[in-house]
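For this chain, numbers begin at 1 and follow the sequence in order.
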Amino acid sequence: MLFLCGIFWGAYEAGQPAVAWGAVVGVVVSTLAGYVLRQPYGDGVEGLWGFNGILVGCAFPSFLGDTPLMWLALIICAISTTWVRTGFNNVMAPWKTNSFTFPFVFMSWLFLFAARMLQGMPPEYMSAPELTTHLSTSLDLSFGSLVVYWLKGIAQVFLINSWVTGIFFLVALFVSSRWAALWADIGSALALAVALLFGAGGSDIANGLFGFSPVLTAIALGCTFYKPNWRSAIWALLGIIVTVFVQAGMDAMMMPFGMPTFTGPFCLTTWLFLLPLYKFDEKEPDHSNWRKKRD
């Protein structure tokens with residue numbers, strides 16, 4: 001409920017109420033799809049039928065014109081993420097990882113590309129295709145502004161450009177998991193620092209666009225797939241830093257298509273950090289036998 005409150009606040013604050021209602025439609029239809037398709041009941045209880053759908057619901061009104069056919073496309077895309085997630089998870093099961101938000105990313109990419117060819121879902125708010133250019137780094141670096149950028153990095157997980165929404169999200173995370181809230185704080189702050197250090201585009205930093213994927217990477221590596229300890233913390237910090245570079249690289253790759261990266265950088269980076277199957281919650285290895293053999 002706190003996440004929904006944050007989404008509604010940010011959407012109405014920006015004069016885009018369709019984003020908030022799109023989130024509601026997306027989570028409802030994708031959850032119903034999970035029920036109708038008889039997906040594992042435990043996934044439904046944990047919200048896994050609907051988390052990709054709600055992201056689709058936020059994304060479509062953010063990039064497409066508010067037409068009846070856009071809403072129909074939103075419903076179709078949100079529903080499809082439910083079974084696409086199951087398919088991607090089946091493919092990735094041998095590597096002991098899952099698809100995360102990639103069903104949302106993949107299906108939204110396909111539908112937004114299609115919007116370039118279909119008049120019924122006009123790409124009114126999508127960027128014009130362009131080659132990568134040198135971006136201005138002019139930015140207000142006062143403490144208050146940095147706090148706003150940090151909070152927006154958290155809010156942009158759901159494509160909301162509001163620091164108040166960031167507070168809603170942090171409180172919601174704290175209610176669910178203090179570790180998740182802590183790592184969200186760290187993820188957005190460290191990503192902001194890295195983006196500033198390497199001279200990322202000022203408008204992207206100010207709007208939190210270098211923060212949302214590192215926030216998700218931080219939560220995934222810091223406390224979801226690894227037990228919190230000093231080894232996993234170092235791994236998570238490295239993952240956050242790498243995500244910033246992956247974000248910049250994917251932004252450059254998608255600019256000629258005028259396409260957003262969504263949470264693709266989070267998915268790619270977290271896969272890269274989970275696929276080695278390192279374990280950080282085990283006891284120190286016993287090297288005594290090795291020393292005896294060496295001697």
Side-chain angles (χ1 to χ4, degrees), residues 55 59 97 100-102 104-105 109 127 131-141 143 145-163 165-166 169-170 173 179-226 231-257 259-276 278:
L55 289 167
T97 186
F100 307 133
T101 58
F102 192 66
F104 148 66
V105 174
W109 278 343
S127 300
L131 296 177
T132 305
T133 57
H134 182 70
L135 302 174
S136 171
T137 57
S138 176
L139 200 63
D140 181 2
L141 297 180
F143 178 76
S145 295
L146 291 175
V147 172
V148 169
Y149 307 156
W150 165 64
L151 288 170
K152 284 186 176 182
I154 298 168
Q156 285 284 7
V157 170
F158 282 88
L159 293 88
I160 301 295
N161 186 19
S162 167
W163 65 269
T165 296
F169 287 1
L170 278 178
L173 287 169
W179 278 113
L182 174 63
W183 276 109
D185 289 341
I186 295 172
S188 186
L190 182 56
L192 174 59
V194 174
L196 287 170
L197 177 64
F198 281 87
S203 61
D204 287 348
I205 293 175
N207 292 321
L209 298 181
F210 276 97
F212 64 95
S213 276
V215 163
L216 294 172
T217 302
I219 295 173
L221 299 179
C223 62
T224 303
F225 293 96
Y226 294 115
R231 293 186 184 86
S232 63
I234 293 174
W235 197 237
L237 292 173
L238 181 59
I240 294 166
I241 294 170
V242 171
T243 305
V244 176
F245 291 94
V246 175
Q247 178 75 63
M250 290 190 69
D251 285 345
M253 289 171 59
M254 301 303 284
M255 282 180 67
F257 303 104
M259 193 65 56
T261 61
F262 297 125
T263 53
F266 148 66
C267 295
L268 179 57
T269 306
T270 306
W271 286 332
L272 294 175
F273 277 73
L274 289 180
L275 287 175
Y278 291 139

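Put simply, the side chain of S188 gets close to the backbone of W150: a donor and an acceptor are under 3.5 Å apart. Under a 3.5 Å cut-off, the side chain of Q156 and the backbone N or O of G211 do not form any donor-acceptor pair.
Within the 4.5 Å cutoff, the side chain of D140 has heavy atoms near those of the Y149 side chain.
Separation of atoms CZ (R231) and OH (Y226) is listed at 13.0 Å; rounding is to 0.5 Å. Atom CZ of residue F262 and atom CZ of residue F102 lie 12.0 Å apart, to the nearest 0.5 angstrom.
Considering only residues two or more places apart in sequence or on other chains, D185 meets the side-chain hydrogen bond (donor to acceptor under 3.5 Å, both in side chains) condition with none of them. Residues forming a side chain to side chain contact (heavy atoms under 4.5 Å, CB included) with L55 (at least two apart in sequence, or on another chain): T101, F104, F158. With sequence neighbours left out, the side chain to side chain contact (heavy atoms under 4.5 Å, CB included) criterion links L141 to L139, L146, L196. A search for side chain to side chain contact (heavy atoms under 4.5 Å, CB included) contacts involving M259 returns W109, L112, F113, M126, M254, F257, not counting sequence neighbours. Every residue two or more places apart in sequence or in another chain was checked for a side chain to side chain contact (heavy atoms under 4.5 Å, CB included) with S127, and none qualifies. Qualifying side-chain hydrogen bond (donor to acceptor under 3.5 Å, both in side chains) partners for T243, counting only residues two or more places apart in sequence or in other chains: T217.
Under the ring-ring contact (aromatic ring centres under 6.0 Å, His included) criterion, the residue pairs touching residues 180-207 are F198-F245, with sequence neighbours excluded.
Two rings, from F225 and F100, have their centers less than 6.0 Å apart.
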Side-chain polar contacts of residues 268-275 - donor-acceptor pairs under 3.5 angstrom, sequence neighbours left out - could you list them?
| from | atom 1 | to | atom 2 | distance (Å) |
| --- | --- | --- | --- | --- |
| T269 | OG1 | P265 | O | 2.8 |
| T270 | OG1 | F266 | O | 2.8 |
| W271 | NE1 | N98 | O | 2.9 |

